[in-house]
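Comments concern the structure below.
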Amino acid sequence: MSEQIRVRFAPSPTGPFHIGGARSALFNWLLARKYKDGKLILRVEDTDRARSTKESEENIKEALKWLGLTWDEGIDVGGEYGPYRQTERLHLYQEFTDKLIAEDKAYYCYCTETEIEAEREALRAENKMPIYQGHCRNLTAEQRAQYEAEGRKPVVRFRTPENQQVMFKDLVRGQMCFESNGIGDFVIVKADGMPVYNYAVVLDDALMKISHVIRAEEHLSNTPRQVVLFEALNLPVPIFGHISLILGKDHSKMSKRHGATSVDQYRKLGYLPEALVNFLALLGWAPQDEKEIFSAEELIEAFSMDRVAKNPAVFDIDKLNWINAHYIKQAKPEKITMLAIPHLVEKGYIKGPLTDVEMAKLVSFVAVIQDHLSFAAQVVNFADIFFKDDVLIESDEARETLLDETTPAVINLFKDKLKALEVVDAKAIKPIFKVITKELKVGGQKVYMPLRVALTGQMHGPDLVGLVEVLGRDKVIKRIEETMMRVK
RNA sequence: GGCGCGUUGGUCAAGCGGUUAAGACACUGCCCUUUCACGGCGGUUUCAUGGGUUCGAAUCCCAUACGCGUCACCA
């Protein structure tokens, strides 16, 4: 690609930032970063006045920043092709609309929504395509004046050329071809003066000199409408690339039913941005080799549009969890702790602000369980071990472990040894277990298990040595004593 | 319904006329670990169906089925 790469991400701020949108943004970003002069433009498509909100726009920006998907031109950062919010570009669209009308390539349509709806119904009933039948296609000046007098507010429709083949190039799907007759005269400017998506997007992409339009497949069927407009306006047609949709487990489009769908939800659950980026890249794109774990830099290096798949991909939370677990293991315990705290607060484990000492202890605890986590919120699954001093014995099997005839001796010896320690750290604690097996002549099972159950109530869990160190001598002794009292 | 896109194991997927049809997640077996997890080594499971073309087809062509998208004064 010799010309400059200029790609854009153009979300409409009508709700929480969707995971699918994040992938579109990611692919565009990767393309922009791959080429030295590549530019990513962030444009906001806010022409739907009823649904667009400032909060959504903020949410999208925050999510993009969190994911590390930086943009070179667009809202907040500016650029020479601004403004970058469609509602601030109305004067630009107006110019082109006037021109189209003057050239008779577009016309005013006074049909009301109910009239149009009735027409559509009728066509559908006959099993025909529900396209506009051209009622206002050739109105006389008198007819128009009549409608105006009635107070009707017109929309502007594009006069779609008949019997033409509309072709365009798609990087993912190859050469595409549609019949113009299947399109009909579509609305380009609403009655409130707002341009319709298919119109504004064409003008913006052309005016912002976008070279490649990479977006979701749901736009594929809309593309001929846009191509026809590019041609009518004598504007260069960009190269398209329609990436397939992300589906839920049941193969329908991802929705709330499938669990978390917004970037924000994953962020709050304690997924790491690098993991999400890594995972999203692998949904619909495959590297040449067998690598699975990619840093952003490695993705930029390896990414290319011709390895983007045509078929839709099912969002597999198990794989995301696996990737995230990988990044969690590499992360600093402090970081995971910070992500987990809101969840610990929510579950009532943490009441007020933590002191420095408490915080340090919590961090050490997180370090002990870090390898067990798929995402930070899972810390609450282990929180009882850390926060709850009255141990709940999880099963009869665990109880039996405590009733073992060797158990009292083990527990007592352990307490003595622990009390005798000058410094209570992992290095000092570890040998205790060995010594006990030797002195009491019992197997490791008989030492570790009763102590684990007395301390946590559970048969399985994080490393005991680490646990004893983090909990501290007093708490450990108090806990085992109380548990033993209770089983007797 | 028209138009369009798609269909390799439960999931992500490699493959682009000749392969024992990669790899990863999940599942599972063993090892490691005196628990679990991590990690290591194995295993089960796939070319939607039917026709062609070809010496040879997961790969090319045509049907059928199924899934999805779109046909808005939403984007």
Side-chain angles (χ1 to χ4, degrees), chain A residues 10-15 45-48 50-52 86 109 111-113 116-117 120 123-131 153-157 170 172-173 176-179 181-184 186-198 200-201 215-225 242 244-245 247 249-253 279 282-293 307 309-323 325-326 329 369-373 433-434 437 442-449 451-453 456 458-464:
Chain A
S12 63
T14 52
E45 312 216 325
D46 56 350
T47 53
D48 185 343
R51 295 196 301 147
S52 295
Q86 287 185 328
C109 168
C111 297
T112 62
E113 288 192 64
I116 295 290
E117 195 47 51
R120 265 202 285 269
L123 285 166
R124 263 191 235 272
E126 287 180 66
N127 257 336
K128 284 188 187 157
M129 242 185 299
I131 57 175
K153 281 249 193 297
V155 298
V156 179
R157 280 185 190 273
D170 191 290
V172 179
R173 285 150 220 287
M176 303 294 336
C177 183
F178 292 78
E179 298 294 330
N181 291 356
I183 298 173
F186 56 95
V187 175
I188 57 175
V189 180
K190 307 178 206 177
D192 68 358
M194 280 289 165
V196 153
Y197 163 74
N198 277 316
V201 78
R215 66 199 350 172
E217 191 190 331
E218 57 194 295
H219 295 288
L220 186 58
S221 301
N222 274 322
T223 308
R225 261 167 262 268
H242 289 96
S244 56
L245 264 23
L247 271 27
K249 262 240 165 331
D250 62 356
H251 287 220
S252 68
K253 205 170 156 180
F279 173 68
L282 259 20
L283 270 191
W285 170 81
Q288 224 148 35
D289 53 25
E290 290 165 7
K291 209 167 141 85
E292 298 276 341
I293 299 294
R307 294 192 67 80
K310 297 177 172 66
N311 52 309
V314 173
F315 187 93
D316 182 9
I317 189 73
D318 285 331
K319 182 121 182 193
L320 204 214
N321 282 339
W322 175 74
I323 291 179
H326 170 87
K329 279 180 207 108
I369 60 169
Q370 197 162 339
D371 279 1
H372 296 251
L373 305 172
F433 293 89
K434 277 235 167 73
T437 56
V442 293
Q445 286 275 9
K446 300 276 187 197
V447 177
Y448 279 80
M449 273 309 168
L451 282 166
R452 175 178 294 285
V453 173
T456 69
Q458 297 168 12
M459 299 288 287
H460 311 295
D463 174 56
L464 248 193

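Heavy atoms only: backbone and side chains are in, while hydrogens, waters and symmetry mates are out. The sequence lines fix the lettering, A, B, ..., with proteins before strands; numbering per chain opens at 1.
- Residue A/Arg307 is classed as a sugar-phosphate contact, given heavy-atom separations below 4.0 Å to backbone atoms only.
- Looking at heavy-atom distances under 4.0 Å, A/Gly184 makes no contact with the nucleic acid at all.
- B/A72 atom P lies 18 Å from atom CG of A/Asp192, rounded to whole Å.
- Look at NE2 on A/His242: it is 11 Å from C1' on B/G4, rounded to the nearest Å.
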Just the atom pairs and distances: protein N or O near nucleotides 33-35 of chain B's N or O, under 3.5 Å.
residue: B/U34; atom: O2; partner: A/Gly444; partner atom: N; Å: 3.0
residue: B/U34; atom: N3; partner: A/Gly444; partner atom: N; Å: 3.0
residue: B/U35; atom: O2'; partner: A/His460; partner atom: ND1; Å: 2.4
residue: B/U35; atom: O2; partner: A/Arg452; partner atom: NE; Å: 3.4
residue: B/U35; atom: O2; partner: A/Gly461; partner atom: N; Å: 2.9
residue: B/U35; atom: O2; partner: A/Gly461; partner atom: O; Å: 3.2
residue: B/U35; atom: N3; partner: A/Arg452; partner atom: NH2; Å: 2.8
residue: B/U35; atom: N3; partner: A/Gly461; partner atom: O; Å: 2.8

Between the protein and nucleotides 68-71 of chain B, which nitrogen or oxygen pairs come in under 3.5 angstrom?
residue: B/G69; atom: N2; partner: A/Ser221; partner atom: OG; Å: 3.0

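- Among residues two or more places apart in sequence or in another chain, the side chain to side chain donor-acceptor pair (under 3.5 Å) test is passed with A/Glu113 by none.
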Using the 3.5 Å cut-off, write out each protein N or O paired with an N or O of nucleotides 41-48 of chain B and the distance between them.
none

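- The partner of B/C27, taking Watson-Crick or G-U wobble pairs whose two distances both stay under 3.5 Å, is B/G43.
- Residue contacts shown for A/Met176 are limited to sugar-phosphate atoms, with no base heavy atom under 4.0 Å away.
- With sequence neighbours excluded, no residue satisfies side chain to side chain donor-acceptor pair (under 3.5 Å) with A/Lys190.
- Looking at heavy-atom distances under 4.0 Å, A/Val314 makes contact with sugar-phosphate atoms alone, never a base.
- The side chain of A/Lys319 places no N or O atom within less than 4.0 Å of a non-bridging phosphate oxygen (OP1 or OP2) of B/C27.
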Are A/Lys319 and A/Glu292 close enough, and set up right, to give a salt bridge (Lys or Arg N to Asp or Glu O under 4.0 Å), and what steps lead you there? CA-CA 11 Å; A/Lys319 182 121 182 193; A/Glu292 298 276 341; 3.1 Å; yes
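- With sequence neighbours left out, A/Lys128 forms a side chain to side chain donor-acceptor pair (under 3.5 Å) with A/Glu126.
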Are A/Tyr197 and A/His219 close enough, and set up right, to give a ring pair (Phe, Tyr, Trp, His ring centres under 6.0 Å), and what steps lead you there? CA-CA 11 Å; A/Tyr197 163 74; A/His219 295 288; 5.3 Å; yes
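- As judged by a 4.0 angstrom heavy-atom cut-off over every strand, A/Ala191 is placed among the base-contacting residues.
- The partner of B/G50, taking Watson-Crick or G-U wobble pairs whose two distances both stay under 3.5 Å, is B/C62.
- At the heavy-atom level, A/Lys249 lies nowhere under 4.0 Å from the strands shown.
- As the counterpart of B/A72, no nucleotide is assigned, since no Watson-Crick or G-U wobble pattern has both distances under 3.5 Å.
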